[in-house]
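Before any comments, here is the structure.
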Amino acid sequence: MIKAIKGTRDILPPASAVWNRVEAVAREVFRTFNYHEIRTPIFEETSLFARGVGEDTDIVGKEMYTWEDRDGTSITLRPENTASVMRAYIEHRLDQIPGVKKFYYIGPMFRRERPQKGRYRQFFQIGAEAIGSDSPIVDAEVIEMVVEILKGCGLKPVPEKDGFHLIINSVGCPKCRPEFMNALREKLATLAPQMCADCQRRAVTNPLRVLDCKVPEDQVHIDTLPSILDHLCEECHGHFKIVQSHLHGRGIAYEVRPRLVRGLDYYMRTTFEITHGALGAQNSVLGGGRYDGLAESLDSKVPAPGIGFSIGEDRLVLSVEAMSASEESNTVDVYLAPMGDAADALAGTLAAELRSAGISVERSVDRKLKRALEVANKMGARFALILGDNEIAAGTYLLKDMAAGEQESLTRDQLIARIRKNS
RNA sequence: GCGGCUGUAGCUCAGCUGGUAGUAGCGCCAGAUUGUGAUUCUGGAUGUCAUGGGUUCAAAUCCCAUCAGCCGCCCCA
């Protein structure tokens, strides 16, 4: 049997309805913030991601789907979408659009990682980018927007149990971060030998990751490490304070966590992340941050400061499902049960009429009424519409309310009104 | 890429220390006379016991490998 390849999966009904709902909520929130959809190709030249995301990141080093095209070009399935959006921005001179340029996207990304719950090789992201301003007010608004999406999906903004938790930080800029990194390395040189094996390795390969260590014994040491917030330059410090004051102004709860580090090279200043309790080890639903230097690293002649986020849609759907165990199962309004040739002929036009009135209809192809009602019941249809020789002779329609078990004989004119009445 | 656990009907599983699968539950299909579902009764279908090797007279059951899923690590949404 041919099966879906490792790390990919089919999204079947009724779960697909949750996906649609989540996407509909996101699109509506984007609309109210005046973000517009951008669709970029699913694969790009490898160098785009290598330069955008960072040569030394794990994503580029070992997690991309890359192959050589027939003409020798190295092609990669997009592992994330920010670099592509920025490429499109530069290529089409979108900087010419007045004001802050606001885009959103929904689509699949690809990463060759070991699959587990909430982590797939083809995964979906809902994301947005605001390009063209380095104002901290934009940062706050982007965060506000993402919080609105989660709330719209039914998640609660409280850290406990089924709520979500917003964490923010500033990772500084090319001016002040090197200073912090030096301080961190210096301290780690003496401290690392007392820490776990992973940290000893990280101290050399990726010092920022030490801050994220989860080993309990290491926490005392981590607490003595320098904080990025103490090393921010004046501009970065001011930027971060304004972001926070605007979040306060919008009544958005958050936690400042200096240890929040991001894996992608292009982030600077504001970074943020939201976690959700229902997710286990992969508890991060979304992440984002500012990337003021990205455009230049992609050869843009004009600066294009920006900030964006991406929601792990697979994980958001998991959270939403965990919240609302039994969502209202969307089912057909009317299950049409024709009996006999005359009824079969009439059923087609009747179904079409109901559908054009916005009523969902499925017609039975089973001649037995008993069977038709059985199926209607199992599908959870709201009504069964019985149509046989008796009805045709009398010019009436027998409408049965499946939940109540009652049925009434109606004229064609009464039908639609009656079906709509208790919807 | 690394480590741990798991893999029996569509789903949830039983199958003890090897003798070649279960009247199991749910679901599905059919019937209990001719146009009425949800309860009930009766009957039925479905598995190369994940795949490939090995040990054995004999393996779903032991061993190895592969694949897939889950959990964790790395990293990250």
Side-chain angles (χ1 to χ4, degrees), chain A residues 1-9 12 53-54 56-64 78-82 107-127 146 196-199 201-202 205-206 208-209 212-215 260-264 267 271-276 279-289 308-319 335 337-340 343 364 366-381 383-392 398-407:
Chain A
M1 186 179 27
I2 298 173
K3 300 198 289 188
I5 65 176
K6 187 191 184 85
T8 71
R9 59 193 181 138
L12 308 170
V53 177
D56 299 330
T57 60
D58 268 36
I59 295 178
V60 170
K62 62 178 195 189
E63 293 172 1
M64 297 203 305
R78 62 184 187 189
E80 55 98 46
N81 207 203
T82 300
M109 309 294 158
F110 304 84
R111 234 125 99 176
R112 205 177 184 294
E113 298 180 289
R114 182 71 155 242
Q116 62 190 70
K117 194 185 190 72
R119 162 187 286 184
Y120 304 95
R121 289 183 169 182
Q122 175 175 335
F123 58 104
F124 293 80
Q125 289 191 332
I126 300 173
V146 83
C196 71
D198 280 335
C199 281
R201 181 177 44 74
R202 291 186 189 116
T205 61
N206 193 351
L208 284 177
R209 275 284 144 203
D212 221 19
C213 179
K214 283 148 196 128
V215 177
L260 173 67
V261 292
R262 311 254 86 224
L264 279 54
Y267 283 120
T271 60
F272 57 97
E273 178 171 317
I274 289 182
T275 60
H276 190 269
L279 293 174
Q282 311 301 325
N283 67 347
S284 173
V285 193
L286 67 91
F309 64 82
S310 66
I311 301 172
E313 189 175 359
D314 303 79
R315 294 182 187 177
L316 178 54
V317 166
L318 276 176
S319 299
Y335 195 76
M339 289 176 290
S364 172
D366 212 309
R367 282 302 182 77
K368 287 186 188 136
L369 179 59
K370 176 184 166 62
R371 179 67 189 145
L373 289 176
E374 236 170 62
V375 173
N377 183 54
K378 281 169 184 165
M379 288 196 326
F383 294 101
L385 182 50
I386 299 165
L387 194 58
D389 292 337
N390 298 345
E391 284 69 33
I392 291 175
L398 195 55
L399 188 69
K400 176 160 192 161
D401 184 318
M402 296 302 288
E406 292 158 1
Q407 58 189 37

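Chain naming here is simple, since letters A, B, ... match the order of the sequence lines and numbering starts at 1 in each. As the structure is a computational prediction, the values presented were derived from the model and not from experiment.
Using a 4.0 Å heavy-atom cutoff across all strands shown, A:Glu113 reaches at least one base atom of the nucleic acid. Within 4.0 Å (heavy atoms only), A:Glu80 reaches no atom of the nucleic acid at all. Residue A:Glu406 is out of contact with every strand shown, counting any heavy-atom pair closer than 4.0 Å. Contacts of A:Met109 with the nucleic acid, taken as non-hydrogen atoms under 4.0 Å apart, are absent. The residue A:Asp389 sits close to a base: some heavy atom pair falls under 4.0 Å. Within the nucleic acid shown, A:Gly127 has no heavy atom closer than 4.0 Å to any nucleic acid atom. At the heavy-atom level, A:Leu286 lies under 4.0 Å from the strands shown only through sugar-phosphate atoms. Note on A:Arg367: nothing from the nucleic acid sits closer than 4.0 angstrom, heavy atoms only. As judged by a 4.0 angstrom heavy-atom cut-off over every strand, A:Gly7 is placed among residues touching the sugar-phosphate backbone only. Residue A:Leu316 is out of contact with every strand shown, counting any heavy-atom pair closer than 4.0 Å.
A search for side-chain contact (heavy atoms from CB on, under 4.5 Å) contacts involving A:Val317 returns A:Val18, A:Trp19, A:Val22, A:Glu313, A:Glu321, not counting sequence neighbours. Residues satisfying the ring-ring contact (aromatic ring centres under 6.0 Å, His included) test with A:Phe110, not counting sequence neighbours, are none. For A:Lys370, the side-chain contact (heavy atoms from CB on, under 4.5 Å) partners at least two apart in sequence or on another chain are A:Glu374. Annotation: salt bridge (Lys or Arg N to Asp or Glu O under 4.0 Å) contacts of A:Asp389 (sequence neighbours excluded): none. Residues meeting the side-chain contact (heavy atoms from CB on, under 4.5 Å) test with A:Glu113, sequence neighbours left out: A:Glu63, A:Arg111, A:Arg119. The salt bridge (Lys or Arg N to Asp or Glu O under 4.0 Å) test applied to A:Glu273 returns A:Arg262, not counting sequence neighbours. With sequence neighbours left out, A:Asn377 forms a side-chain contact (heavy atoms from CB on, under 4.5 Å) with A:Met402.
In terms of polar N and O atoms assigned as donor or acceptor, the side chain of A:Arg119 never comes within less than 3.5 Å of the base of B:A77 in a complementary pairing. Taking only distance into account, the side chain of A:Glu391 meets the base of B:G35 through a donor-acceptor pair shorter than 3.5 Å.
Of the options A:Arg9, A:Gln125, A:Lys117, a side-chain contact (heavy atoms from CB on, under 4.5 Å) to A:Asp314 is made by A:Arg9 and by none of the others.
The OH atom of A:Tyr335 sits 16 Å away from the P atom of B:G35 (whole-angstrom rounding). At whole-Å resolution of the value, CZ in A:Phe124 and C1' in B:A77 are 13 Å apart. Whole-Å rounding puts the A:Lys117 NZ to B:C5 C1' distance at 15 Å. Atom-to-atom, CD1 of A:Ile392 to P of B:G35 comes out at 15 Å; the value is rounded to the nearest Å.
Remark: A:Lys400 is not in phosphate contact with B:U36, judged by side-chain N or O atoms under 4.0 Å from OP1 or OP2. The side chain of A:Gln116 places an N or O atom within less than 4.0 Å of a non-bridging phosphate oxygen (OP1 or OP2) of B:G72.
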Check the interface with nucleotides 30-32 of chain B: list each N/O to N/O pair with the protein under 3.5 Å, or write none.
{"unit_1": "B:G31", "atom_1": "OP1", "unit_2": "A:Lys368", "atom_2": "NZ", "d": "2.7"}

Note, RNA chain B 5' to 3' with Watson-Crick or G-U pairs under 3.5 Å encoded as ( ), [ ], | and . gives (((((((..((((........).))).(((((.......))))).....(((((.......))))))))))))....
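On the P atoms, B:G35 is 32 Å away from B:A24, given to the nearest whole Å. Rounded to a whole angstrom, the distance from the C1' atom of B:A32 to that of B:U39 is 15 Å.
Nucleotides of RNA chain B nearest to A:Ala403 and A:Gly287 differ in position, and the one nearer the 5' end is that of A:Ala403. Both A:Ala4 and A:Leu369 lie near RNA chain B, and the one whose nearest nucleotide falls closer to the 5' end is A:Leu369.
Out of B:A77, B:G35, B:G69, the shortest distance to the side chain of A:Lys6 is found at B:G69. Among the nucleotides B:U36, B:A77, B:C70, the one closest to any side-chain atom of A:Ile386 is B:U36. Taking only side-chain atoms of A:Arg114, from C-beta outward, the nucleotide of B:G1, B:A77, B:U36 with the closest atom is B:G1. Listed candidates were B:U36, B:A77, B:G69. Nearest to the side chain of A:Pro115 is B:G69.
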